[in-house]
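Just so it is clear: chains get the letters A, B, ... in the order the sequence lines come, proteins before strands, and each one is counted from 1.
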Number of protein chains: 4
Amino acid sequence: MIAVLKSGTSQKQLDNLTSWLKAQGLDVHISVGNEHTVVGLIGDTSRIDEELLGSLDIVDSVKRISEPFKSANRKFHPDDSIIKVGNTSVGGDTFAIIAGPCSVESEEQVMQIARSVKASGATMLRGGAFKPRTSPYDFQGLKADGIEILLEAKKETGLPIVTEIMNANHLPLFEDVDVIQVGARNMQNFELLKELGKTNKTILLKRGLANTLKEFLMSAEYIMAGGNENIILCERGIRTFETYTRNTLDLSAVPMLKELTHLPIIIDPSHATGVARLVKPMAMAAATCGADGLMIEVHNDPKNALCDGAQSLTPEAFDDVARAVSRILAAIKEL
Amino acid sequence: MIAVLKSGTSQKQLDNLTSWLKAQGLDVHISVGNEHTVVGLIGDTSRIDEELLGSLDIVDSVKRISEPFKSANRKFHPDDSIIKVGNTSVGGDTFAIIAGPCSVESEEQVMQIARSVKASGATMLRGGAFKPRTSPYDFQGLKADGIEILLEAKKETGLPIVTEIMNANHLPLFEDVDVIQVGARNMQNFELLKELGKTNKTILLKRGLANTLKEFLMSAEYIMAGGNENIILCERGIRTFETYTRNTLDLSAVPMLKELTHLPIIIDPSHATGVARLVKPMAMAAATCGADGLMIEVHNDPKNALCDGAQSLTPEAFDDVARAVSRILAAIKEL
Amino acid sequence: MIAVLKSGTSQKQLDNLTSWLKAQGLDVHISVGNEHTVVGLIGDTSRIDEELLGSLDIVDSVKRISEPFKSANRKFHPDDSIIKVGNTSVGGDTFAIIAGPCSVESEEQVMQIARSVKASGATMLRGGAFKPRTSPYDFQGLKADGIEILLEAKKETGLPIVTEIMNANHLPLFEDVDVIQVGARNMQNFELLKELGKTNKTILLKRGLANTLKEFLMSAEYIMAGGNENIILCERGIRTFETYTRNTLDLSAVPMLKELTHLPIIIDPSHATGVARLVKPMAMAAATCGADGLMIEVHNDPKNALCDGAQSLTPEAFDDVARAVSRILAAIKEL
Amino acid sequence: MIAVLKSGTSQKQLDNLTSWLKAQGLDVHISVGNEHTVVGLIGDTSRIDEELLGSLDIVDSVKRISEPFKSANRKFHPDDSIIKVGNTSVGGDTFAIIAGPCSVESEEQVMQIARSVKASGATMLRGGAFKPRTSPYDFQGLKADGIEILLEAKKETGLPIVTEIMNANHLPLFEDVDVIQVGARNMQNFELLKELGKTNKTILLKRGLANTLKEFLMSAEYIMAGGNENIILCERGIRTFETYTRNTLDLSAVPMLKELTHLPIIIDPSHATGVARLVKPMAMAAATCGADGLMIEVHNDPKNALCDGAQSLTPEAFDDVARAVSRILAAIKEL
């Protein structure tokens with residue numbers, strides 16, 4: 001970490017700062033310039049609060065050189081993490097395709113979709129039982145009953161299931177759930193992250209609507225700091241000024257995250273674009289640029305879906321996407 | 001609500017849509033244009049899912065005419081809400097000044113700051129006991145002990161206290177807290193909002209970093225839908241591309257929210273700017289444009305503060321701000 | 001176009017509005033709801049100012065149904081436009097690869113890069129002669145001499161050349177330039193667009209840093225309204241809060257623009273990401289999701305480049321990208 | 001300027017870098033840490049390209065310590081600049097109020113508005129003769145005739161006039177114009193800025209929709225580098241995700257810019273909010289937080305205005321705003 005001091009800092013002030021830093025177990029290296037003096041902090045700076053240091057009267061600005069995330073950092077864990085989920089996995093050579101309806105609406109609906117997406121090559125089944133909705137008057141999900149229905153579908157098809165948690169108190173309901181999703185709006189619900197860190201469940205962590213990649217990895221770090229390293233990252237579009245699409249899919253996050261972390265990264269083109277017609281091209285693009293998988297909304301009757309119909313694919317359209325993605329992946333393997 | 005149909009919609013498709021809408025208890029008014037047919041939905045459209053309707057094959061786009069928030073809407077509640085808090089209030093003629101440290105660090109610290117801000121005219125004391133921090137390795141607050149210290153300070157100074165909740169399971173600890181704050185990162189933690197809706201505590205709801213005013217009011221609506229109408233809104237800066245300030249204070253939100261809702265609105269210039277030197281001008285501007293109060297970070301020793309020192313005022317600087325704001329308010333009253 | 005009237009609008013006010021609209025050659029269709037009356041405007045609404053109508057006392061809001069762009073609109077021109085450039089083209093079956101240095105620095109440099117990118121499969125040569133730089137103290141380009149050098153390289157390699165214009169007064173210097181680029185910062189320099197609309201040169205129009213797709217197409221419309229329909233659109237990243245990448249590449253703009261317009265769309269992964277290591281994955285993703293081409297910075301000596309070295313590929317790295325893209329395109333053709 | 005080197009940099013690479021930097025006239029100070037080596041550049045670093053340095057293989061990141069703007073920098077010019085305009089001025093003790101219609105529509109309109117705003121206390125008259133419009137089909141202004149009309153109004157009322165330039169070739173038409181405005185969309189039209197730098201006209205430079213304060217000051221620097229130091233900065237709202245207001249007024253830019261630069265700063269609440277009802281509160285807030293003036297749209301007949309009617313005040317409403325602002329300013333003087 002580097003602190004740039006304001007011009008006019010006295011030797012006495014500099015000495016005080018140096019003593020304070022040394023008292024925290026750091027070595028200090030001072031470099032005097034024409035206008036500014038620069039203080040280099042050497043040692044374990046992960047416990048130094050960047051903002052505290054920056055707030056000192058004599059400090060102009062602070063720059064952290066090492067990344068503040070440790071467990072998620074590729075530097076200390078160069079190999080890709082492969083997350084086992086039931087009989088399949090995410091990361092490494094397996095390309096995960098998680099498909100299913102936005103909301104669980106009925107057993108019949110889920111069964112029908114589950115069979116169909118399995119036939120098309122999906123590796124996991126998704127479905128929302130607890131639904132975060134902007135309006136308290138919108139459909140909030142079937143809750144525990146929804147999870148029961150997903151478990152039925154898992155029993156029949158063998159597909160591991162992915163469903164969202166909104167409240168750590170609901171954890172007992174998720175005992176047989178394979179992958180617990182943390183939604184974008186809860187990416188910085190630190191209390192929830194801490195509770196999930198105490199479990200050994202696989203967590204699918206979605207990037208917040210306006211969160212940087214650094215914040216995204218710090219949220220993964222919250223879970224990992226508790227001892228749970230089974231994390232799948234999911235980019236699902238960020239909020240910008242563009243309005244033709246619901247969000248802006250940040251696809252360059254894929255190769256960027258691949259550099260920064262060893263955790264697997266999947267893409268949700270359904271939420272990212274909000275437009276069913278854009279799911280296929282963006283799914284193909286995601287597969288091409290190195291994503292470890294996809295999460296796609298599929299509904300047997302999108303126009304009567306209880307939520308997010310606009311972005312859901314029919315089973316037929318999903319089959320077409322899965323087919324195209326699988327050919328692209330085969331082509332890439334030969335490059 | 002209005003639905004614009006795609007060109008090429010057949011009469012049969014239009015009839016199907018009409019029947020479906022009528023089945024949901026709505027009247028339908030059809031207007032045929034050169035290129036497009038427009039369907040007006042008349043009646044209680046609050047239960048119609050805008051996205052579902054927009055996802056139908058024949059629908060080009062949907063426009064909601066009425067605001068989706070009801071309880072928070074000024075249309076149905078033209079008078080300003082005045083929220084009583086202990087011996088003071090927020091909204092109406094009282095200008096609230098909530099001051100105190102970012103984090104509760106010790107009893108001595110809180111007592112000293114509490115006495116001092118009271119003398120300067122603060123109407124409530126703030127202090128963080130549970131702290132949401134981006135990094136799991138940063139100081140997370142004194143928790144229950146922190147609340148105890150705040151209650152001590154309340155006993156001595158008579159100032160009502162404001163402190164943040166991060167987990168509904170902690171509610172019993174907040175029994176004697178006057179105002180429960182929901183932080184920006186939890187603005188769409190709907191489970192927490194629902195739990196707070198079941199209490200009769202006053203809630204200070206902070207706007208999320210990247211949330212629209214409509215979403216902000218929908219989150220207030222979550223609490224109100226549960227029966228708790230004691231809500232104070234707080235604008236604390238939104239995320240933009242600018243980097244000289246930590247966030248961008250959206251001050252025009254004050255008069256805009258005043259139109260849309262009857263709930264009181266306060267401004268937090270400390271978090272909005274992240275720079276202590278900007279707190280005074282922005283506090284004065286907030287008072288001038290109609291805000292119902294301010295929330296300001298004050299620390300007896302900002303450079304050794306355990307969090308957010310960069311934006312904290314010393315007690316002396318706070319006294320200067322409070323004095324300036326009070327004169328501005330007096331001047332405005334005479335306008 | 002639809003205007004939603006405020007509740008409380010009198011019949012007389014409605015009649016006045018109706019007469020005013022009819023005087024502008026429009027038919028009017030009125031639909032009375034419980035809370036609101038909706039006025040549909042039927043006919044050529046392209047000359048109605050949306051904001052003017054929205055500003056009337058009795059109008060709550062206005063919604064434009066038809067897109068405001070005509071010449072660029074796919075609705076009125078369903079087939080893809082194919083833009084001929086010298087012996088090659090952009091759009092249709094040809095995948096354009098425009099490569100070259102950010103700035104023209106010397107004849108030797110340009111010749112070396114031109115030969116090399118041609119050998120790797122580039123279809124055009126790019127190079128900046130006039131450089132828009134944020135700081136007046138940064139290198140501003142070789143100007144006329146830079147264009148001369150590009151023309152030399154064109155003579156030798158046969159590659160059509162692409163270079164940026166910053167001032168319509170410089171047009172005579174661009175007489176032999178094949179494609180004139182309008183940079184992101186000039187996307188709404190309407191005076192420049194109008195002048196280019198009077199020429200018959202091919203224009204490569206880059207999307208502005210914070211411009212919507214609608215504004216992007218309206219800028220194309222400025223050129224087309226002047227009679228010049230030879231336009232290539234280029235997405236080059238938009239400004240968001242993310243900082244690991246210089247901008248955020250909005251790749252879903254590709255399929256979205258393909259729906260909205262018949263003009264060809266290329267992607268500039270070099271400027272979009274600002275990181276050389278991300279160019280290959282994003283170039284491959286762009287090819288996969290339907291882009292008509294790429295614009296890639298190549299420099300023989302990136303670390304000594306006079307601008308944007310961080311995002312330039314070496315000729316060897318470019319060769320690797322071009323090879324990968326060509327195999328991806330072949331694989332897609334077989335899908 | 002500081003360069004942080006990647007771990008694994010060899011002594012030979014470090015020596016090469018050092019020689020290269022010294023060859024550019026800089027002193028170099030090296031500080032070796034556990035993980036990283038930090039190189040401090042001492043001397044005039046304004047000509048070092050930050051991105052070039054950052055692109056070197058061995059460089060992890062670069063941090064500029066001194067601001068890249070010199071002429072606009074308050075450090076080298078501690079006193080506020082006061083810009084003389086005719087018989088009035090901007091900056092210092094004078095609070096500028098620039099009022100008038102968005103577009104010049106007719107002599108009668110401008111005369112009527114000019115007389116009225118003068119009576120209400122405006123210090124300058126604004127009016128658009130050349131209008132930048134997103135659509136080529138919208139009204140583009142009366143051009144030279146519009147300037148003639150403004151000059152007539154100046155002759156009668158004595159108010160200096162402010163009007164926008166879109167093309168440096170039009171400069172001869174602006175000979176008698178007192179203040180030449182550069183619009184937000186042209187803030188980085190560097191060719192235009194350079195031409196204006198060669199004149200001695202006062203320039204009112206508007207901040208771009210998505211430009212940082214640093215970029216804003218660099219654009220002022222373009223004009224100043226040419227020798228013209230008569231610059232008034234104008235914040236007019238930035239682009240965010242919020243939709244209730246047209247843009248988001250960044251009012252904390254006022255005190256922030258006051259720290260960074262000696263140039264005067266005014267606020268345009270009309271464009272910033274796009275809503276006439278918000279102009280008064282935001283104008284008052286701007287006056288309170290230290291702005292040097294306001295730019296406000298006034299139209300005698302807003303509902304028939306040819307552009308931006310939604311945000312224009314009637315002369316009566318403007319009078320009310322001017323009165324409130326003047327009382328606020330008097331109250332502040334007494335603080």
Practice task
Could you please spell out the steps behind the side chain to side chain contact (heavy atoms under 4.5 Å, CB included) verdict for C:V182 and C:M187?
Solution key: CA-CA 7 Å; C:V182 175; C:M187 193 201 90; 5.5 Å; no
Completion exercise
With chain A, the option among C:V275, C:I238, C:L249, C:V254 that has the most non-hydrogen atom pairs under 4.5 Å is C:I238
Handout entry: Contact winner vs chain C - A:A324, A:A285, A:A286, heavy-atom pairs under 4.5 Å
Key = A:A285
Handout entry: Rounded distance (nearest 0.5 Å) linking atom CG of C:L294 with atom CD1 of C:I98
Key = 9.0 Å
Problem - Distance (rounded to the nearest 0.5 Å) between C:M224 CE and C:L217 CG - result: 9.5 Å
Fill in the blank from the handout: Pair count under 4.5 Å, heavy atoms only, with chain A: among C:P269, C:A331, C:G290, C:P255, highest is C:P255
Would you enumerate the inter-chain donor-acceptor pairs between chain A and chain C whose distance is below 3.5 Å?
| from | atom 1 | to | atom 2 | distance (Å) |
| --- | --- | --- | --- | --- |
| A:E67 | OE1 | C:Y244 | OH | 2.9 |
| A:E67 | OE2 | C:Y244 | OH | 3.2 |
| A:R207 | NH2 | C:E242 | OE1 | 3.0 |
| A:L213 | N | C:E242 | OE1 | 2.8 |
| A:E242 | OE1 | C:R207 | NH2 | 3.0 |
| A:E242 | OE1 | C:L213 | N | 2.7 |
| A:Y244 | OH | C:E67 | OE1 | 2.9 |
| A:Y244 | OH | C:E67 | OE2 | 3.2 |
| A:E259 | OE1 | C:R277 | NE | 3.3 |
| A:E259 | OE1 | C:R277 | NH2 | 3.0 |
| A:E259 | OE2 | C:R277 | NE | 2.3 |
| A:E259 | OE2 | C:R277 | NH2 | 3.2 |
| A:R277 | NE | C:E259 | OE1 | 3.3 |
| A:R277 | NE | C:E259 | OE2 | 2.3 |
| A:R277 | NH2 | C:E259 | OE1 | 3.0 |
| A:R277 | NH2 | C:E259 | OE2 | 3.1 |
| A:T288 | OG1 | C:T288 | OG1 | 2.9 |

Problem - Sequence-distant partners of C:I82, side chain to side chain contact (heavy atoms under 4.5 Å, CB included), two or more places apart - result: C:S89
Problem - Pair A:I231-A:I83, side chain to side chain contact (heavy atoms under 4.5 Å, CB included): steps then yes or no - result: CA-CA 7 Å; A:I231 298 174; A:I83 311 293; 5.8 Å; no
Exercise for the section: Heavy atoms only, distances under 4.5 angstrom: which of C:I328, C:L260, C:L213 has the most pairs with chain A? Name it, please. Expected result: C:L213
Practice task
Look up atom CD1 in C:I267 and atom SG in C:C234, then write down how far apart they are to the nearest 0.5 Å.
Solution key: 7.0 Å
Practice task
Would you give the length of the straight line joining atom CE of A:M218 to atom CD1 of A:I223, rounded to the nearest 0.5 angstrom?
Solution key: 12.0 Å
Practice task
Using the side chain to side chain contact (heavy atoms under 4.5 Å, CB included) rule, take A:I266 and A:V90 through it: C-alpha gap first, then chi angles, then the decisive distance, then the call.
Solution key: CA-CA 9 Å; A:I266 68 169; A:V90 185; 4.1 Å; yes
